[in-house]
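As a basis for the values below, the full set of heavy atoms in this structure was taken, side chains included, without hydrogen atoms, waters or symmetry mates. Indexing begins at 1, ligand by ligand and atom by atom, following the structure's order.
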Amino acid sequence: MAIKRRQVLKNAAYLSAMAALPLGLATACYRNQKQKVVVVGGGFAGATAARYLAMWAPELDITLIEKNRQFISCPQSNLVLSGNRRLSQLTQKYDHLQADKSIRFIQSEVTAVDVEKRQVWLADNNPLDYDRLIIAPGVELIYDQLPILATTEAQQHVPHAWKAGPQTVLLANQLKSMRQGGVVIMTVPAAPFRCPPGPYERACQIALYLKNHNPSGKLLILDANPDIVSKKAFFTEAWQQLYDGLIEYQPMNPIESVNVASLEVESFFDSYKADVLNVIPPQRAGKVAEMVGVINVDNRWCDVDYLTYESTAVERVHVIGDAVSAKVPKSAHIANQQAKVCAAAVIALLRDKLPEQQPIFSNTCYSFVDGEQAGHVAAVYRYDKDSKDMLPHPSGGVSETATKEEGRYAEAWAENIWADTLG
Ligand SMILES: Cc1cc2nc3c(=O)[nH]c(=O)nc-3n(C[C@H](O)[C@H](O)[C@H](O)COP(=O)(O)OP(=O)(O)OC[C@H]3O[C@@H](n4cnc5c(N)ncnc54)[C@H](O)[C@@H]3O)c2cc1C
């Protein structure tokens with residue numbers, strides 16, 4: 001088709017106008033469309049990032065992809081084991097996010113990512129383009145050392161219950177149907193893992209169940225770590241005060257094999273027979289991180305620039321939440337805080353501005369020792385430009401003892417973070 005003279009003049013005028021614009025704006029105009037941010041994972045990190053991107057930068061085209069129909073909170077899921085929560089109390093629909101016109105919510109699974117073409121592929125074979133990609137896939141459970149437990153069928157006998165949902169209910173039901181005087185064995189993987197105080201809170205909730213319904217039963221904890229990983233004095237006191245004789249704790253005792261049928265466990269030191277066996281396996285960044293090629297620490301975690309959460313392996317891809325290799329704890333609270341730092345940085349980068357150079361955030365993690373009493377660990381982290389890391393500020397602390405008042409704070413914390421995450 002011949003190009004008309006008027007069209008040539010129009011094009012020339014357009015190009016000279018473009019040349020006068022700052023680079024970022026010119027790129028945006030050239031595309032003649034909104035810049036696209038795709039967020040993968042609608043958990044504590046991803047959903048928060050999508051919401052704050054939408055609030056702070058309405059000019060963006062934001063897509064959030066989540067494979068599950070419902071959000072189920074890991075925080076407080078240990079209380080399902082003692083009968084102090086129902087899973088339905090921890091389950092929420094994504095309806096607020098779905099109704100939010102500033103976010104395109106897609107319920108689907110990401111199956112591939114092409115970082116050259118900057119495209120995310122979904123289970124229905126639809127590609128989505130991105131200018132910036134934020135991945136928040138949580139953790140994948142690793143069964144390399146115990147491949148016998150890798151199948152869904154094996155996990156029906158030996159639950160992990162480390163992703164809240166049917167596994168949590170399964171473990172609760174196994175406790176209920178255990179014979180009087182039976183032995184529950186819980187194994188703890190070597191750190192780092194999702195929620196450092198989580199296994200020890202779980203010990204309290206299992207012991208509470210035993211105390212109320214099976215007082216001649218026992219909980220044996222086989223911990224791969226040299227000691228209780230988080231809130232040691234707090235949990236030790238709770239176990240002595242509330243559950244004396246019900247809990248036996250063995251540190252430095254990683255398991256080496258499991259018999260799924262007989263529930264026998266071998267460790268380096270000894271063999272044990274369980275009536276209920278809860279193996280919490282080691283973890284790594286969720287599968288999407290592997291697809292994108294951003295796992296670059298210990299073959300498990302993703303290294304990032306802590307100013308922007310951009311991967312150090314693949315540009316324009318940001319990683320937040322449990323998948324990040326960081327010295328900070330893998331908690332919902334940290335996932336939520338990283339999401340906000342990342343959202344602000346992505347907006348700055350897309351506007352050709354310098355991201356905040358000294359981010360500061362906090363962590364608070366409550367643990368329930370029974371149905372009502374809880375205690376906290378809290379810390380403030382600040383970016384250190386020399387080490388390029390988030391370092392703890394000398395503040396914060398740990399509760400010495402659990403109280404009902406802190407139990408109410410823990411409730412309020414959960415309500416607030418669910419609302420902040422899901423809208
Ligand atoms: C028993 C237990 C108790 C805990 N208690 C606390 C607590 O009291 N306080 C606290 O702060 N933290 C607690 N945690 C830790 C907390 O749950 C995690 O740190 C938090 O969930 C991490 O958030 P995330 O967004 O990184 O991952 P997640 O919340 O797991 O979200 C990841 C999301 O990505 C989605 N996804 C993954 N792959 C794909 C894909 N291919 N396509 C689409 N979607 C995908 C998943 O479906 C999921 O919704 C606890 C954890 C456990 C196990």
Side-chain angles (χ1 to χ4, degrees), residues 38-50 63-81 85 90 92 94 97 105-113 120-123 134-141 160-165 167-168 171 186 192-203 205-206 230-231 278 280-281 283 285-292 301-302 309 319-324 326 328-339 342 362-368 374-378 410-411 413-414 416-418 421-422:
V38 174
V39 184
V40 180
F44 284 101
T48 306
T63 304
L64 173 62
I65 307 160
E66 166 56 46
K67 65 179 174 185
N68 291 334
R69 283 185 183 283
Q70 294 177 315
F71 172 96
I72 307 178
S73 172
C74 280
Q76 300 210 357
S77 65
N78 281 328
L79 279 78
V80 174
L81 304 177
R85 290 289 181 285
L90 309 178
Q92 297 193 44
Y94 280 108
L97 278 165
F105 183 93
I106 302 180
Q107 202 243 306
S108 183
E109 183 164 1
V110 169
T111 51
V113 177
V120 173
W121 289 80
L122 304 181
I134 301 177
I135 64 162
V139 292
E140 182 194 348
L141 308 175
H160 54 77
W162 213 239
K163 290 189 179 185
Q167 277 274 310
T168 317
L171 182 57
M186 177 178 73
F193 52 81
R194 162 175 279 186
C195 194
Y200 314 104
E201 178 191 57
R202 173 167 294 182
Q205 297 302 317
I206 292 176
S230 175
K231 302 181 189 164
N278 172 211
I280 303 171
Q283 295 134 46
K287 275 205 179 76
V288 179
E290 196 179 357
M291 288 174 203
V292 181
W301 308 112
C302 308
Y309 288 83
V319 188
I320 49 176
D322 284 356
V324 173
V328 297
K330 294 188 185 302
S331 73
H333 198 111
I334 289 279
N336 170 281
Q337 303 275 287
Q338 289 177 340
C342 176
S362 64
N363 181 48
T364 308
C365 186
Y366 289 98
S367 302
F368 278 88
H376 73 273
V377 57
E411 270 302 313
W413 172 88
N416 282 330
I417 201 160
W418 293 333
T421 304
L422 301 170

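A distance of 9.0 Å separates CG in Asn68 from CD in Glu109, rounded to the nearest 0.5 Å. Between the CD1 atom in Ile206 and the CG atom in Leu81 there is a gap of 5.5 Å [rounded to 0.5 Å]. Expressed to the nearest 0.5 Å, how far CG of Leu64 lies from CD1 of Ile106 amounts to 9.0 Å. Note that OG of Ser331 is 9.5 Å distant from CZ of Phe44, once rounded to the nearest 0.5 Å. Expressed to the nearest 0.5 Å, how far NZ of Lys231 lies from OH of Tyr200 amounts to 12.0 Å. In this structure, SG in Cys195 is found 10.0 Å from CD in Gln283, a value given to the nearest 0.5 Å.
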| message | For Asn278 and Arg202: C-alpha separation, side-chain torsions, deciding distance, then whether side chain to side chain contact (heavy atoms under 4.5 Å, CB included) applies. | response | CA-CA 10 Å; Asn278 172 211; Arg202 173 167 294 182; 3.0 Å; yes

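For ligand 1, the polar-atom distance check against Phe44 finds a nitrogen or oxygen pair separated by under 3.5 Å. Remark: ligand 1 and Glu66 share an N or O pair separated by less than 3.5 Å (distance only, no angle test).
Relative to atom 36 (N) of ligand 1, the option among Gln70, Gln167, Gln338, Lys67 with the closest non-hydrogen atom is Lys67. With atom 37 (C) of ligand 1 as the reference point, the heavy atom nearest to it among Gly321, Cys195, Pro137 is part of Pro137.
Looking only at protein heavy atoms, the nearest one to atom 6 (C) of ligand 1 is Pro75 CG, 3.5 Å. Atom 25 (O) of ligand 1 has Ala45 N, 2.9 Å as its closest protein atom, hydrogens excluded (heavy atom only). The closest protein non-hydrogen atom to atom 8 (O) of ligand 1 is Tyr366 O, 3.5 Å. Nearest protein heavy-atom neighbour of atom 30 (O) of ligand 1: Arg194 NH2, 2.7 Å. With respect to atom 52 (C) of ligand 1, the closest heavy atom belonging to the protein is Cys74 CB, 3.5 Å. The single protein non-hydrogen atom nearest to atom 10 (C) of ligand 1 is Ala332 N, 3.3 Å, given as residue, atom name and distance. Of the protein's non-hydrogen atoms, the one nearest atom 42 (N) of ligand 1 is Val110 N, 3.0 Å. In terms of protein heavy-atom proximity, atom 34 (O) of ligand 1 is nearest to Gly41 CA, 3.3 Å.
Listed by atom number, the atoms of ligand 1 under 4.0 Å from Lys330 heavy atoms are 15 (C), 19 (O). Counting atoms of ligand 1 from 1 in the listed order, those under 4.0 Å from a heavy atom of Asn78 are 1 (C). Close contacts between ligand 1 and Gly43 involve ligand atoms 25 (O), 29 (O), 31 (O), 33 (C), 49 (O) [criterion: under 4.0 Å to a heavy atom]. For ligand 1, the atoms sitting less than 4.0 Å from at least one non-hydrogen atom of Asn68 are 47 (O), numbered in the order shown with element in parentheses. Which parts of ligand 1 touch Ala335 is read off a 4.0 Å heavy-atom cut-off, strictly below it: atoms 23 (O). Each of the following atoms of ligand 1 lies closer than 4.0 Å to a heavy atom of Val288: 38 (N), 39 (C), 40 (C), 41 (N).
Between Tyr94 and Gln107 the shortest side-chain heavy-atom distance does not fall below 4.5 Å. Between Thr364 and Val377, every side-chain heavy-atom pair lies at or beyond the 4.5 Å cut-off. Using a 4.5 Å heavy-atom threshold, the side chains of Cys342 and Ile134 count as touching. Between Trp162 and Pro199 there is a side-chain heavy-atom pair separated by less than 4.5 Å.
No side-chain N or O of His376 forms a donor-acceptor pair with one of Trp413 less than 3.5 Å apart. No hydrogens or angles considered: a donor-acceptor pair under 3.5 Å links the side chains of Arg85 and Gln76. Between the side chains of Glu201 and Asn78, a donor-acceptor pair is found at a separation under 3.5 Å.
When heavy-atom distances to ligand 1 are checked against a 4.0 Å cut-off, Asp322 comes that close through both its backbone and its side chain. Under 4.0 angstrom from ligand 1, there are no non-hydrogen atoms of Phe71. Contacts of Ser108 with ligand 1, taken as heavy-atom pairs under 4.0 Å, involve the backbone alone. Residue Trp413 touches ligand 1 through its side chain alone, judged by heavy-atom distances below 4.0 Å. Of the heavy atoms in Asn363, none comes closer than 4.0 Å to ligand 1.
The one candidate from Asp322, Val324, Thr48 that meets the side chain to side chain contact (heavy atoms under 4.5 Å, CB included) condition with Gln338 is Val324.
In this structure, Ala47 has no heavy atom closer than 4.0 Å to ligand 1. A heavy-atom separation below 4.0 Å is found between Ala136 and ligand 1. Within the structure, ligand 1 has Ser77 among the residues with a heavy atom less than 4.0 angstrom away.
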